[in-house]
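Quantities reported herein were computed from a predicted structural model and do not represent experimental measurements.
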Amino acid sequence: MGFGETKIRNYEERRDRAQVEDLERRCEVGPAERMFLFTDTMGDAICRIRNSPMYKMLVAEVDNQLVGVIQGSIKVVTVRKPPKDLAKVGYVLGLRVSRLYRRRGIGLKLVRRLEEWFVDNQVDYAYMATEKDNEASVKLFVDKLSYVKFRTPAILVNPVRRRVHLPSSIEILKLKVEEAEILYRKFMASTEFFSQDIDRILRNKLSLGTWVAYPRGEKWEAIGPEGLVENSNWAMLSVWNSGELFKLRLGKAPLSCLVYTKGSRVVDRLLPCIKVPTIPDFFRPFGFYFMYGVHREGEGEISGKMVRTLCNYVHNMGRKTKDCKVIVTEVGGCDTLKDDIPHWKLLSCPEDLWCIKGLKKEERNSLHELTITPPSRALFVDPREV
């Protein structure tokens, strides 16, 4: 079967929206041997990048038929790269190619055209995230496009179920946006990939708020412009309502997951007193909360308890939101926070994969030093890029 020439152009909403939505519905996300998800953008094809400072979407056409899409965004982040700590980075996401047109170099052309846009906007590094065992994606970006494996963060997923009891020994307080920004700039500014426009993120309507936890009996003083905190033990996090942007639907899951899902519901219905943990129905479209900017100060059991309490508080929030079936967060692979964030291993991904590429001569020369540097414990994951 012969194919015409591939044409790459900018996305045009009126012309392309229906075809892009159809392509999204037909393209799975995730390693097929384990489980995969389908995305419902709810009529907004660029919902995943619309809240970014700069963004672009490209489409690929063959014989006037839309067969591929890609999205990209640009921002300034912390990279811990001498002699400067900040860099302009371009994020590659949403690469989809119709199954019939795969292995024809269309994905390669889409990425290269997006990289041209990055270069035109003085981007230092391009980066992308994929599943560690997604061989096709790794082969495209690492083998053909010269990206380098950079970090392996952990994606932690906790299903929303029964209300979780919160300990009376922990106090939880919602911060003002101004206070949250001060704390983030003071305590997370040096964190890898910390977004310099954190104020825009916190003020976005999808950001539901920022909460701190501290031992009950202590007083949380008003935060001044210097971000001084008198408390020695405290934790904080913010919540982003991703379900308002798009929905997910499970297309395939391991047999063990299917059996447990159905079996636990039967037991829960017939014998509720046993309180068997149940998995929500992921085979229908669902939304989720994303916890970002998770940070703690202090050590010992009380530190972990405050993180768990905050996460469970968000879980209880999710129960009140229609279609919110999971609470998700992403932390550095070496970050000990993951030990205190409630999650189910069956649903989580212990090693996601971030790959990076220098787009300027200076950045290409220093890329080796950047990638061999031991990963910092913390990693900031922008909720706009989930």
So do Trp220 and Val212 actually touch side chain to side chain, heavy atoms under 4.5 Å? yes

The ring-ring contact (aromatic ring centres under 6.0 Å, His included) partner of Phe193 among Phe380, Tyr292, Tyr125, Trp354 is Trp354

Going through the checks in order, is the side chain to side chain contact (heavy atoms under 4.5 Å, CB included) test met by Lys149 and Leu353?
-> CA-CA 7 Å; Lys149 296 179 181 179; Leu353 176 63; 4.1 Å; yes

Take Glu116 and Phe118 through the test side chain to side chain contact (heavy atoms under 4.5 Å, CB included) and record every step on the way to the result.
CA-CA 5 Å; Glu116 291 176 8; Phe118 289 158; over 6 Å; no

* Arg113 side chain near Lys56 side chain, heavy-atom distance below 4.5 Å -> no

task = Could you tell me whether the side chain of Glu385 reaches within less than 4.5 Å of the side chain of Arg48, counting heavy atoms only?
result = no

*For Asn316, does its backbone N or O pair with a side-chain atom of Lys320 as donor and acceptor, under 3.5 Å?*
no

So CG of Leu248 and NZ of Lys325: to nearest 0.5 Å the spacing works out to 11.0 Å

(request) Give the intermediate values and the outcome of side chain to side chain contact (heavy atoms under 4.5 Å, CB included) for residues Thr41 and Leu245. (result) CA-CA 7 Å; Thr41 58; Leu245 286 178; over 6 Å; no

For atom CZ of Arg284, decide whether the heavy atoms of other residues, nucleotides or ligands shown that lie under 6.0 angstrom number more than 12. no

Side-chain touch Lys144/Leu108, heavy atoms, less than 4.5 angstrom:
yes

**OP:** Give the intermediate values and the outcome of side chain to side chain contact (heavy atoms under 4.5 Å, CB included) for residues Leu58 and Val69.
**Re:** CA-CA 6 Å; Leu58 300 172; Val69 298; over 6 Å; no

Using modelled atom types and a 3.5 Å cut-off, is there a donor and acceptor pairing between side-chain atoms of Asn204 and backbone atoms of Arg200? no

Exercise. Output yes when a side-chain donor or acceptor of Asp124 lies under 3.5 Å from a complementary backbone atom of Lys88, and no otherwise.
Key: yes

Count the heavy atoms belonging to other residues, nucleotides or ligands that lie under 6.0 Å from NZ of Lys132, then report whether that count exceeds 12.
no

| Taking the inter-plane angle between the rings of Phe246 and Phe288 on a 0 to 90° scale, is it parallel (under 30°), tilted (30 to 60°) or perpendicular (over 60°)? | perpendicular

Would you say that Asp40 contacts Arg249 through its side chain, given a criterion of any heavy-atom pair below 4.5 Å between the two side chains?
no

* **Whether over 12 other heavy atoms sit under 6.0 Å from Glu135 CD** => no

Worksheet item: Counting only heavy atoms not in Glu230, do more than 12 sit closer than 6.0 Å to its CD atom?
Response: no

dist Trp240:CH2 -> Tyr289:OH (nearest 0.5 Å) comes out at 13.5 Å

Discussion item. For a 4.5 angstrom cut-off between non-hydrogen side-chain atoms, does Arg50 reach Arg384?
Written reply: no

In this structure, CD of Glu181 is separated from CG of Leu175 (nearest 0.5 Å) by 12.5 Å

*Polar side-chain atom of Lys75 near backbone of Val89 as donor-acceptor pair, under 3.5 Å*: no

- Message: I'd like to check Arg9 versus Val59 (side-chain heavy atoms, cut-off strictly below 4.5 Å). Are they in contact?
- Response: yes

Any heavy-atom pair between the side chains of Asp16 and Leu66 that's under 4.5 Å? yes

*asked:* Surrounding CD of Glu299 (heavy atoms of other residues, nucleotides or ligands, distance under 6.0 Å), is the total greater than 12?
replied: no

